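Everything on this sheet refers to the single structure shown next.
Just so it is clear, the model here is predicted, and its values are computed rather than measured.
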Amino acid sequence: MPPLTIVALTAVLLMQDPGTRPYAPAAAATRQIYQPPAIRPFETAPGPGVSDVETFFDQGVAAAERSADARAGPLDGRWRALDPDGRPLLSLVLRDAGDGTVEGAWRRGDDGRARLVDAISVDGGRAALTLDRHDSLRLRRSGDGWRGEFVHNGQARPVTLHRP
């Protein structure tokens, strides 16, 4: 190797920053002892009287579910549309946030294929659901359920919505 090349390589090696060597011990100032995560403001810790953490967790989940149900609108949940003889025509799963936003999916009883609801409008105790280009529901509030018409290809049939 020519002497000039050796001098150049030596200069390059001397100018490089050695950085951290692999497997070198970390400085004592950078070591941190594990700390469990802080309880977030929406969580509570089990009190001194709680001996079963699983039960405490289950109670928290149940309380959150009750709170979500209290905020939900009247169409929220699973429904079955029944004809006057009590035979199921449709199954629906709707999410009613309680703020006028309703979305969901439906399934006709005879084919079992789930589809998204095209459009839903709610006005007080009335609701109109456009299921697809052939099917729609026109409903009005009735007690703890809904009554109305299922319209398929222009033919209207009376229906009652019940929770399964």
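Between Pro84 and Pro158, the closest heavy-atom pair is CD-O, 3.4 Å. Heavy-atom minimum distance, Arg138 versus Ala156: NH2-CB, 4.4 Å. When every heavy atom of Pro88 is checked against every heavy atom of Leu82, the shortest pair comes out as CA-CD2, 3.6 Å. In plain terms, the two heavy atoms of Leu94 and Leu75 that are nearest each other are CB-O, 3.4 Å. Considering all non-hydrogen atoms of both residues, Ala105 and Val117 come closest at N-CG2, 3.9 Å. Here the shortest heavy-atom pairing between Ile120 and Gly104 reads CD1-N, 4.2 Å.
Remark: the backbone N or O of Arg126 is not paired with any side-chain donor or acceptor of Asp123 at under 3.5 angstrom. A donor-acceptor pair under 3.5 Å links the side-chain atoms of Asp132 to the main chain of His134, judged by distance alone.
For the pair Leu90/Asp135, no side-chain contact is recorded, criterion being any heavy-atom separation below 4.5 Å from C-beta on. You'll find the side chain of Asp83 reaches within 4.5 Å of the side chain of Arg157, heavy atoms only. A heavy-atom distance below 4.5 Å is not found between the side chains of Leu137 and Val151. Annotation: side chain of Phe150 is in contact with side chain of Leu131 (closest heavy-atom distance under 4.5 Å). Annotation: side chain of Arg108 is in contact with side chain of Trp106 (closest heavy-atom distance under 4.5 Å). The side-chain heavy atoms of Arg147 and Arg141, taken from C-beta on, include no pair separated by under 4.5 Å.
Linking ILVMFWY side-chain heavy atoms closer than 4.5 Å, directly or via other members, places Val102 and Val93 in two distinct hydrophobic clusters.
Taking 4.0 Å as the cut-off between side-chain N and carboxylate O, Asp118 and Arg133 do not count as a salt-bridged pair.
Heavy-atom contacts from other residues, nucleotides or ligands closer than 6.0 Å to CZ of Arg113 number 12 or fewer. Within a 6.0 Å sphere centred on CG of Asp69, heavy atoms belonging to other residues, nucleotides or ligands number more than 12.
Residue pairs meeting the side chain to side chain donor-acceptor pair (under 3.5 Å) criterion with at least one partner in residues 71-82, sequence neighbours excluded, are Ser67-Arg71.
In this structure, OG in Ser142 is found 10.5 Å from CG in Leu161, a value given to the nearest 0.5 Å.
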